[in-house]
**Q** 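Right, I'll just put the structure down here and ask away after.
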There are 2 protein chains.
Amino acid sequence: MKMLINSPQTVVADALRGLAAAHPELDVDAEARVVVRRDARQGGRVGLVSGGGSGHEPLHAGFVGPGMLSAACPGEVFTSPVPDQMLRAAKAVDSGQGVLFVVKNYTGDVLNFDMAAELAEEDGIQVDRVLVNDDVAVTDSLYTAGRRGTGATLFVEKIAGAAAEEGASLAQVAAVARRVNEASGSFGVALSACTTPSKGTPTFDLPDGELELGIGIHGEPGRERRPMMPAGEIAEFAVGAVLDDLATSAPGDGPVLALVNGMGATPLLELYGFHAEVARVLAARGVPVARALVGNYVTSLDMAGCSVTLCRADEEMLRLWDAPVQTAALRWGR
Amino acid sequence: MKMLINSPQTVVADALRGLAAAHPELDVDAEARVVVRRDARQGGRVGLVSGGGSGHEPLHAGFVGPGMLSAACPGEVFTSPVPDQMLRAAKAVDSGQGVLFVVKNYTGDVLNFDMAAELAEEDGIQVDRVLVNDDVAVTDSLYTAGRRGTGATLFVEKIAGAAAEEGASLAQVAAVARRVNEASGSFGVALSACTTPSKGTPTFDLPDGELELGIGIHGEPGRERRPMMPAGEIAEFAVGAVLDDLATSAPGDGPVLALVNGMGATPLLELYGFHAEVARVLAARGVPVARALVGNYVTSLDMAGCSVTLCRADEEMLRLWDAPVQTAALRWGR
C-alpha cells in the first residue's frame with residue numbers, strides 16, 4: 001500500500017509539523033504532541049480539551065480555535081494519547097475557570113483522560129469530563145465497553161466550544177456537552193477497509209460486492225455484512241437505525257442537526273448524493289433538518305464509506321451551533 | 001468497484017439534490033445543472049461563472065457564494081458542461097456589469113464556454129473569459145492543447161471573486177484573474193488511479209510500488225513513472241518543477257500562496273505531513289509562504305495523491321485572498 005509519507009514512524013510528527021506550517025494561529029508542540037489555540041488563556045474562558053488516536057483528521061486538531069476546542073492531543077494512529085499530553089494541554093489552556101475533557105468512549109482514551117484529570121486536579125486545575133458515545137450500531141466493541149464515540153464528537157466540540165467562548169461556567173459547558181451527546185446518534189458504513197501506516201495492509205477484509213453496516217471508525221466490526229446496496233437503501237438503513245435509537249434517548253419531534261461524514265476515500269460527489277438520500281428519508285419520517293454538514297470530518301484514514309450523525313437539537317444548541325467558529329477545518333461567522 | 005451511489009446515471013443529479021438540501025443559501029437547479037448564489041443579481045457586481053466536468057468536488061459548485069463564484073455549471077463526470085448551462089448561469093448572475101467565465105484549459109470546456117459567450121453576447125450580456133492553465137507538468141495532453149488547468153483555479157476564483165465582490169469592473173476582475181493564473185504553477189502526483197462511476201474500474205493502471213509524477217486531474221499521463229518515493233522527495237520534485245516554471249513566468253522573490261491539494265483518497269494526516277515537506281523545500285529555496293491551504297479542493301474522484309500549487313502573489317492578490325468568503329467549501333472572514 002503506497003502512502004504519501006516519509007516513514008510509518010514519523011507520520012504523526014510530520015503531520016504536526018505541517019499543521020504548524022499551515023496554521024500560524026495555532027501553537028503546535030510537535031514533540032509533546034499538543035495543539036493549542038494561541039489565545040487559549042486570554043478571556044477567562046473554560047478550557048475545552050479533546051484528543052484521541054490519529055487517523056481521524058481533521059478531528060481533533062482541525063477543530064482547535066476560537067469557538068471550538070482550546071487544545072487537542074493527537075496520539076499515534078488509532079492509539080490513545082497519553083496522560084502527559086492531556087495534562088500539558090490542560091495546563092496550557094486553564095485560566096482558572098476549569099477545563100472540560102471531551103473523550104470519545106474507547107477504553108484507552110477513557111483511562112488516560114481519567115488519569116490526566118487526576119493529575120490536573122492535583123495541580124489545582126478543576127476538571128470535568130464528558131464521554132461521547134453516540135454510535136448506535138453496537139454496544140461493546142473491539143476497543144470499547146459501551147457504545148463507541150464517533151461523529152457526534154464534532155457536535156459536542158462545536159456546541160460546547162461556543163458555550164465556553166460565550167463565558168459559560170465549567171458546569172454549564174459540561175451540561176450542554178452532555179445534552180448534545182445524549183441527543184445524538186450515529187451509524188457508519190464501510191465500503192472498504194483502511195490501512196494503517198504501521199501495518200501497511202488493510203486492517204480487515206471486506207470482499208468485493210459487500211459492505212459492512214455499523215462499522216466503527218477504526219474498522220471495528222459493525223452489525224452485519226450485506227451485498228452492496230444502492231445509496232438510497234443505505235440511507236434508509238442508517239437513518240432508520242439512528243432514529244430508532246433517538247426515539248428512546250431523545251424523543252420528540254424537534255429538528256435535527258445532520259452530519260453526513262466521509263470516512264476518507266469516498267468522493268465528495270458521492271457524499272452529497274448520499275446526503276440527498278438522507279434528507280429524503282428524514283423528510284419521509286417527518287424529521288425537519290435544521291442544519292446540515294457534508295464532508296470529511298471524522299475519518300478513518302483511507303476507508304471508503306460514510307456515517308450519518310443526527311442530533312435532536314433544542315434552540316440553545318442551534319444558537320450555539322450557529323455561533324462563529326475559526327478552526328482549520330470548520331469556520332463560519334465573524 | 002463499490003460506490004456510494006444509486007446508479008452511475010444519476011450521480012451528478014443526486015449530488016446536486018444533496019447540495020440543495022445541505023445549502024439553502026444556494027439556488028440549485030438540479031435539472032438544468034446550474035448552481036447560483038441567491039443574491040447574485042443584487043449589489044450590481046460583475047458575475048463570476050465557472051464550471052467543468054464533475055468529479056473534482058468541491059470545485060466548482062462548492063465555491064459558489066459571497067466573495068467567490070456567482071454560479072457554477074457542473075458537467076457529467078469528467079465531461080464538459082454544455083453551452084446552455086453556461087448561458088443560463090450568465091443570465092442568472094448578470095446585473096448589467098458583465099460576466100467573467102473562468103475556464104480550465106480543456107478542449108471541451110474551452111469550446112463550450114466560447115460558444116456560451118457568443119450566445120450571451122447576442123443576448124446583450126458583456127462577457128470576458130480567463131483561461132486557467134497552471135499545470136507545469138506537460139504541454140498538451142489527452143484533453144488539452146497547451147497546459148492543463150488544475151489547482152490554480154481555486155486561487156483565480158477566490159481572488160477574482162473578492163475583486164468582483166468589492167465592485168471592480170469586468171476589465172479589472174478579468175485582469176486580476178489573468179495575473180493570478182500567470183503567477184501560478186501546479187504539479188500533481190498520483191499514487192493510484194481513479195474510477196469513474198460509468199466505467200466502474202480504474203481509468204488507468206498504476207502498478208504497486210510506482211507513482212506517476214505530473215498526473216492530470218482526470219488521470220491523464222504525467223511526466224514519468226518512478227518507484228514509490230518518500231514524501232520529502234516527492235515534495236522536492238513537485239515544488240522544484242513549479243519553481244523552475246515560475247522562475248520564467250513569474251520571476252521575483254516575493255511570497256507565495258501555497259495549496260497542498262488532495263486528489264481525493266489520500267488522508268488529511270498524509271496531506272499535512274506532505275505540506276511539512278513542501279514548506280521545508282520552499283524555505284530551503286528561500287521562498288516565503290504568505291498563506292497556505294491544505295485539503296481536498298480540486299479532486300479526481302477517489303484518486304490517491306496530491307498536487308502542489310504555488311502563486312507568487314503581490315500585495316493586491318494577498319489582500320483579495322484574505323477578503324471574506326462564504327461558500328460551501330471555503331469560508332472565512334465576516
Side-chain angles (χ1 to χ4, degrees), chain A residues 2-7 10-12 14-23 54-55 57-58 62 77 189 191-192 208-209 211 228 230-232 234 260 264-277 279 289 292-296 299 301-302 304-306 326 328-329 331-332 334, chain B residues 2-7 10-12 14-23 54-55 57-58 62 77 191-192 208-209 211 228 230-232 234 260 264-277 279 289 292-296 299 301-302 304-306 326 328-329 331-334:
Chain A
K2 288 169 277 185
M3 294 184 181
L4 189 66
I5 62 176
N6 288 317
S7 86
T10 62
V11 164
V12 175
D14 289 346
L16 287 174
R17 285 192 299 122
L19 189 73
H23 296 284
S54 291
E57 290 66 28
V77 171
V189 300
L191 276 56
S192 81
D208 267 7
L211 84 169
M228 188 58 198
I234 298 173
V260 166
T266 290
L268 197 56
L269 185 72
E270 296 180 26
L271 294 179
Y272 269 109
F274 186 70
H275 178 65
E277 299 301 325
V289 178
L293 188 66
V294 179
N296 294 301
T299 61
L301 293 169
D302 61 340
C306 70
Q326 301 290 337
R331 295 203 231 191
W332 57 70
R334 175 177 40 80
Chain B
K2 287 168 278 185
M3 295 184 180
L4 189 65
I5 62 176
N6 287 316
S7 86
T10 61
V11 165
V12 175
D14 288 346
L16 287 174
R17 285 193 298 123
L19 189 73
H23 296 284
S54 291
E57 289 67 27
V77 171
L191 275 57
S192 81
D208 267 7
L211 84 169
M228 188 59 199
I234 297 173
V260 165
T266 290
L268 196 56
L269 184 72
E270 296 180 26
L271 294 179
Y272 269 108
F274 186 71
H275 178 67
E277 298 302 324
V289 178
L293 188 66
V294 179
N296 294 301
T299 61
L301 293 170
D302 61 339
C306 70
Q326 299 291 337
R331 297 202 229 189
W332 57 70
R334 171 178 44 79

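Sequence lines set the chain letters: A, B, ... in the order given, protein chains first and strands last, and positions in each chain run from 1.
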**Q** Any chance you could measure A:Tyr272, atom OH, to B:Asp14, atom CG, to the nearest 0.5 Å?
**A** 14.5 Å
**Q** A:Gly295, A:Ala304, A:Ala22, A:Gly305: which one forms the most heavy-atom pairs within less than 4.5 Å of chain B?
**A** A:Ala22
**Q** Between B:Ala328 and chain A, which part of the residue has a heavy atom less than 4.5 Å away: side chain, backbone, both or neither?
**A** side chain
**Q** Might you point out which heavy atoms bring B:Leu191 and A:Leu4 nearest each other, and give the distance in Å?
**A** CD2-N, 3.7 Å
**Q** Can you tell me how far CG of B:Asp302 sits from CD of A:Glu270, rounded to the nearest 0.5 angstrom?
**A** 7.5 Å
**Q** So for A:Ala21, is it side chain, backbone, both, or neither that comes closer than 4.5 Å to the heavy atoms of chain B?
**A** both
**Q** Using heavy-atom distances under 4.5 Å, tell me whether B:Val77 contacts chain A through its side chain, its backbone, both, or neither.
**A** side chain
**Q** Let me confirm one number: the CG-CG distance from B:Leu268 to A:Leu301, rounded to the nearest 0.5 Å.
**A** 11.0 Å
**Q** Looking at CD1 of B:Ile5 and CD1 of A:Ile234, how far apart are the two atoms once the value is rounded to the nearest 0.5 Å?
**A** 10.0 Å
**Q** Could you have a look at A:Gly55, A:Ala276, A:Gly264 and say which one has the most heavy-atom pairs with chain B under 4.5 angstrom?
**A** A:Ala276
**Q** For chain B, which of A:Ser54, A:Gly209, A:Gly62, A:Ser7 has the most heavy-atom pairs under 4.5 Å?
**A** A:Gly209
**Q** Name the region of A:Met3, side chain, backbone, both or neither, that has any atom closer than 4.5 Å to a heavy atom of chain B.
**A** both
**Q** Using non-hydrogen atoms and a 4.5 Å limit, figure out which bit of B:Thr299 sits close to chain A: side chain, backbone, both or neither.
**A** neither
**Q** Name the member of B:Glu277, B:Lys2, B:Met228 that forms the most heavy-atom pairs with chain A at distances under 4.5 Å.
**A** B:Lys2
**Q** Nearest 0.5 Å please: distance from the NE2 atom of A:His275 over to the CG atom of B:Leu19.
**A** 9.0 Å
